[in-house]
Amino acid sequence: METVLHRLKQETHIAPKEIIFCNVIITYYARARLPDKALQTFHRIPSFRCRRTVKSFNTLLNALLICKEFEKLKEVFFDMENYACPDACTYNVMINACCLCGDVGYARKMFDEMLIKGIQPNGVTFGTLVNGLCANSMLEEACRLKDDMVRVYHVKPDGFIYVSLIKGICRVNEVNLALKLKEEMLESKVEMDSGVYSTLISALFKVGRRGEVSGMLEEMKRNGCKPNTITYNAIIFGLCNEKDFDSAFDVLNEMEGGRKLREANDLFEDMPRRRCAPDVVSYRTLLDGLCDGMQFKEAALILDEMLFKGYVPRAVSINNYVSGLLREGETSLLWTVLDSLAGVNCIDIDTWRMVVSMVSDKDKLPKPCEFVDALLMEQNDADHNHKLYNNDEKLLPPFSAVPVVSWRKDFQKMYIFNFAGKRTLTCLIATI
DNA sequence: ATAGGGTTAG
């Protein structure tokens, strides 16, 4: 680093940007536990023909925090007016430092000071404070702050804040209360992430409610959060604690399966660079692998990409994909996938039959006679029936054998019409 | 990638 910096200083035609000093140099010195070097770099920034702002000042404060040089940190902070005008980030680092020292009172003082100076606290400010309160067993205060941040400061709590609260509450075994908070997140549409579920899963194990874990995992996936290493670690630890090593190995295998899929995906994405453009077989192979590994979202991306290129999956693959989506209750993704597939008319009768029979059980489809009535009505309703016209703008007769695909999901939630031909329609109606 | 969270062990 010293050599590079020396060269950088000599090369007068290069003017490094401040962000390089922040993200790379100061931060890496801090990680190497070299606070003096970090401080020295901060002071030298102007000698590199670079303007120094509050950004590098904040980075320096955080570097001293990483090195646990709290005395030095205080000193630099009180010397602030010589370097920069403080902003929210400045106070966020200071609040974090106070909390890590266990001095929540001083953290609050910092918070008040920023208000006095007219600096608007942001999500990070509250996240840091809530976390500090929880870490210092001040749960009631933390919950109150979460409510106040909306009411008084008009900042919406995010996932970070909820996770801190949930963890704090789980530590005193109030898992039901933690689950309530998770519901509150869903209700107020706070974006969910795997952190929320990892925390809850490990808490469920701790209080001996192992039975609820698989449901939690399902909900997690339903809400678009993928279990990551942290989630798996929590599960494996919980299972090992209960001496259920068979299940623990199953989870471990599932984890490794996911890793190999990622490797396959990486290799696939690297193919163009290796001068080997993926062909229809590459796409089909990857799609099958993703579906088998239940990576349905990734599969949908690959599907659209291959359809765009004019490649079509094998019929068995489509059947496998759709049945996986049905099995896992991935309803909204199912519609997307069916839309894409119907767009190129490549859904076979068996797949349609499966979808109709599965969905008609759950979503009370109309009786066959009503179904036909509705179909005929659609034929007469020119307004939103544009797909029933052929290229000559002529209305197609009912039960036409002309290969036109129509796909409606908006009426009573469930009308699957595939106008690929009489055979398909007959099959659908018979199934219902 | 100036600032905040989630698991466990060695």
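Lettering of chains follows the sequences in order, A, B, ..., and the numbering in each one begins at 1.
- A heavy atom closer than 4.0 Å to some atom of DNA chain B occurs in no member of residues 133-155 of chain A.
- A:N62 meets the side-chain hydrogen bond (donor to acceptor under 3.5 Å, both in side chains) test with no other residue; sequence neighbours excluded.
- Here the two rings, on A:F21 and A:F42, have centers that are 6.0 Å apart or farther.
- Applying the ring-ring contact (aromatic ring centres under 6.0 Å, His included) definition to pairs two or more places apart or across chains, none involves residues 165-189 of chain A.
- Residues meeting the side-chain contact (heavy atoms from CB on, under 4.5 Å) test with A:R171, sequence neighbours left out: A:S137.
- Remark: A:Y232 engages no residue in a ring-ring contact (aromatic ring centres under 6.0 Å, His included) (not counting sequence neighbours).
- Across B:dA3 and B:dT7, the matching C1' atoms stand 24 Å from one another, rounded to whole Å.
- Scored by the side-chain hydrogen bond (donor to acceptor under 3.5 Å, both in side chains) test, A:N176 finds A:R209 as partners (sequence neighbours excluded).
- Residues satisfying the side-chain contact (heavy atoms from CB on, under 4.5 Å) criterion with A:M294, sequence neighbours excluded, are A:F296, A:R327, A:E328.
- B:dG5 and B:dA1 have their P atoms separated by 13 Å, given to the nearest Å.
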For nucleotides 1-7 of chain B, just jot down a letter per nucleotide in 5' to 3' order: B, S or -, based on protein non-hydrogen atoms under 4.0 Å. BBBBBBB
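- Here A:K109 pairs with nothing under the side-chain hydrogen bond (donor to acceptor under 3.5 Å, both in side chains) rule; sequence neighbours left out.
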